[in-house]
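Read the structure below first, then the notes.
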Amino acid sequence: MIRLESITKSFLVGKESIDILNNISLIIEEGEFVAIMGPSGSGKSTLMNIIGCLDKPTSGQYFLGGEDVSNYNDKELARVRNQSIGFVFQQFHLLPRLTAMKNVELPMIYAGISKSERQSRAEDALRKMGLEDRMDHLPNALSGGQKQRVAIARSIVNRPKLILADEPTGALDTKTSMAIMEQFRELNQEGVTVVVVTHEPEVAEYANRTILVRDGMIQVSAAAERGQRT
Amino acid sequence: MSFMENMLMALSSLKAHKLRSILTMLGIIIGVGAVIIVVAIGQGGEAMLKSQITGPGNTIEMFYQPSDEEIRANPNIFQQAPFKQEDIRALEQLPEVKQVVASSTTLSAVRYQQDTADVSSTGINQAYLKLNQLKVEKGRNLSTADFLGGRRVALISNKLQEELFKGKNPIGKIITLANQPIEVIGVLEKPTGLLAFGSMEVYLPFQTWKIIYGSSDFTQVTIQADSAEQLQTAGKKAAKLLNRMHNTEKSYQVINMEEIAQGVGQVTQIMTLIIGSIAGISLFVGGIGVMNIMLVSVTERTREIGIRMALGATRGQVLTQFLIESMTLTLIGGILGIFLGWGTSEIVSFFAGWPSLVSWQVVLGGVLFSMVIGVVFGILPANKASKLDPIESLRYE
Ligand SMILES: Nc1ncnc2c1ncn2[C@@H]1O[C@H](COP(=O)(O)OP(=O)(O)O)[C@@H](O)[C@H]1O
Ligand SMILES: [Mg+2]
């Protein structure tokens, strides 16, 4: 599903170029549930942005579903984000003036799906997240867990093969976090590849593989491999 | 994404900041309103001037403009009345001519008992009375019998009544015009209007006038046609007829209304252009206001833009979204401006007695133009929005 080959990413800070990701090679198979862990500032989000086609690597190659997307232009990347990837963010990133329903419809609007089809799919997704009685609520009227559920509903309406969640439980209490992780597990069991960035070991427990990132490099953790792979 | 969808999205964005949207529209509302007012009043004025030249009863005045040769042959030609009685009779025979209004005016002294005054004394035919609607305030008007019998009766103006009779009732009194006694049968209404001062006038049946002053010629001739369309033809034919009868080339003429209408049109067009460009400048300023607010809006909604991009919006779709938003803003402003301009020009024309004319072309032009303004002044902000970096935008607080 995902194959990164010698990916590096550097940012220009002033006149200096700082390497944030250093020669990262990584394969994630279809249907996997992967947790990415590592200290703050180690480059997890930067890596996720590249995997999510929100950013381009400085060098290296990225194959998504067999396609080399490293040289895609902005328009092609937008299409990939729209069709093949679902995003879930720590800060939910819902549009505050749109109802839950309209928020979930957004990715389908950019996919050019008809209004009636959009509505029925958005309803299904929200129902699946247990939000059938919150469809017409504005994000402000929802709890953190409900907001994140709306975000998950939004990430799945275009039926992507891959869901990327960057610290999806970072703003939630433990109980809600576990409920949200249950949703990801359910999606993963339906065949969707899930990649979650997290600090919390309890969250990483849900994954069947953990990737450790430190200083922009991947550390293979044998212990983690042994503990989680069943 | 369809245009309608974009439009609805734009409307809900604009609704989110109602006050700001309305204030931003204000520049466009006033600008478009001003353009509509200027054009409406300009076109109304043009229509009014044109109708004034034609006159209310489809009439056209004939005039005599002697050639240099004629003047050389007869240096006193300007003292002579140019229209003969047979001219009038011949003109009345033309099929396009409904009636011929003829009159002759001379300056004359009038006396009542010991008082005298200088008046303009006009002999009129019956058609003149009908067309000019001389309204009598006191006494009676001239009758058919007065005209046919050449009775020694006269109408006097209100001003003359004041000067000569000083408050006494003039009806039935005998005045002396050119040493001939004339009975006053009626006093004309005071002229109304701001610039009407009232002058010293006497009106007599032409037959009477002819005897008193010993001249059977007319100084003024106006012909009336059955319809406005026939008027120009009637005028041309009349001029041709008189030139033939007097053996002149083109000394008898009518005003060429087409030329005058064109001239008036040019003048009002220039006026409209000048004031219109001032209104255009205010519209330009309004457009800059729109651009300014849209730039603010793009900055405020950086995170929204980042989210949309993360969800798969292309740069083109973001650009379109903001372009349509600014266009919606100016379109609504433009439509409100049209109503404002329409209403205002109606009010202005009501109080100024000057007609206003809002044509559908102007309305359509206003709508299209305000949309164009939205697009033109929306390009910069929309472009800025579409060039944002998705990751940085998502991080924007
Ligand atoms: N656009 C950028 N320009 C410069 N430095 C950046 C930029 N984005 C991220 N960084 C730096 O890269 C490092 C890794 O950031 P990030 O990937 O967000 O880490 P994590 O998500 O693991 O906490 C940080 O030190 C951060 O300051
Ligand atoms: Mg991070």
Side-chain angles (χ1 to χ4, degrees), chain A residues 9 11 20 45-50 52-56 72-99 102-115 118 138-139 150-151 153-158 160 164 166, chain B residues 1-21 294 296-325 328-329 382-397:
Chain A
K9 178 76 189 177
F11 290 111
I20 302 299
S45 294
T46 307
L47 179 60
M48 281 294 259
N49 290 339
I50 289 172
C53 293
L54 279 166
D55 207 352
K56 291 185 197 176
Y72 272 21
N73 64 22
D74 284 346
K75 193 171 179 183
E76 290 165 324
L77 290 176
R79 206 201 69 235
V80 172
R81 290 196 296 268
N82 185 241
Q83 298 291 310
S84 313
I85 300 170
F87 285 100
V88 178
F89 303 94
Q90 179 179 3
Q91 309 90 325
F92 320 121
H93 284 335
L94 300 174
L95 294 191
R97 302 199 190 280
L98 301 186
T99 61
K102 293 276 181 200
N103 263 291
V104 176
E105 278 187 50
L106 266 182
M108 294 185 283
I109 288 181
Y110 293 115
I113 293 168
S114 76
K115 196 174 175 79
R118 263 173 11 218
L138 290 174
V150 174
R154 183 179 66 183
S155 74
I156 60 173
V157 280
N158 273 349
L164 303 176
D166 193 348
Chain B
M1 192 164 37
S2 76
F3 183 81
M4 263 327 275
E5 217 134 38
N6 261 313
M7 193 92 161
L8 291 175
M9 207 159 74
L11 281 176
S12 74
S13 299
L14 295 177
K15 239 166 51 190
H17 296 282
K18 277 198 201 73
L19 184 64
R20 183 205 283 184
S21 301
M294 288 305 294
V296 170
S297 172
V298 167
T299 305
E300 277 180 359
R301 286 152 70 191
T302 299
R303 201 208 275 243
E304 172 189 331
I305 295 162
I307 294 170
R308 288 181 185 274
M309 285 177 163
L311 299 179
T314 62
R315 297 195 183 281
Q317 283 168 324
V318 172
L319 184 97
T320 312
Q321 180 193 336
F322 281 91
L323 267 189
I324 289 183
E325 194 168 314
T328 306
L329 193 69
N383 191 50
K384 187 185 169 199
S386 75
K387 291 279 155 62
L388 288 176
D389 177 65
I391 298 166
E392 277 172 24
S393 305
L394 282 172
R395 252 194 245 128
Y396 187 85
E397 291 303 319

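Every heavy atom of this structure was used, including side-chain atoms; hydrogens, water molecules and symmetry mates were not. Lettering of chains follows the sequences in order, A, B, ..., and the numbering in each one begins at 1.
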Top of A/Cys53, A/Pro107, A/Gly86, A/Gly52 for chain B proximity - count of heavy-atom pairs under 4.5 angstrom
A/Pro107

Distance col, row A/Phe87:CZ vs B/Ile307:CD1, nearest 0.5 angstrom, shows 12.5 Å

Under 4.5 Å from a heavy atom of chain B, the part of A/Asp74 involved
side chain

Using 0.5 Å steps for rounding, measure from the CG atom of B/Leu311 to the CE atom of A/Met108.
11.0 Å

Which heavy atom in B/Ala313 sits nearest to a heavy atom in A/Ala78, and how many Å separate them?
O-CB, 3.8 Å

Please output the residues of residues 386-395 of chain B in contact with chain A, using a heavy-atom cutoff of under 4.5 Å, in numerical order.
B/Pro390, B/Ile391, B/Leu394

Chain A heavy atoms under 4.5 Å from B/Arg303: which part of the residue, side chain, backbone, both or neither?
side chain

Is it the backbone or the side chain of A/Leu94 that comes under 4.5 Å from a heavy atom of chain B, or both, or neither?
backbone

What is the distance from atom CD of B/Gln317 to atom CD1 of A/Ile109, rounded to the nearest 0.5 Å?
10.0 Å

Atom of A/Asn82, atom of B/Gly312 and distance for their closest heavy-atom approach:
CB-CA, 3.5 Å

Residue A/Lys102 excluded, over 12 heavy atoms near NZ under 6.0 Å
no

Identify the two heavy atoms, one from B/Met309 and one from A/Arg81, that lie closest to each other, and give their separation to 0.1 Å.
O-NE, 2.8 Å

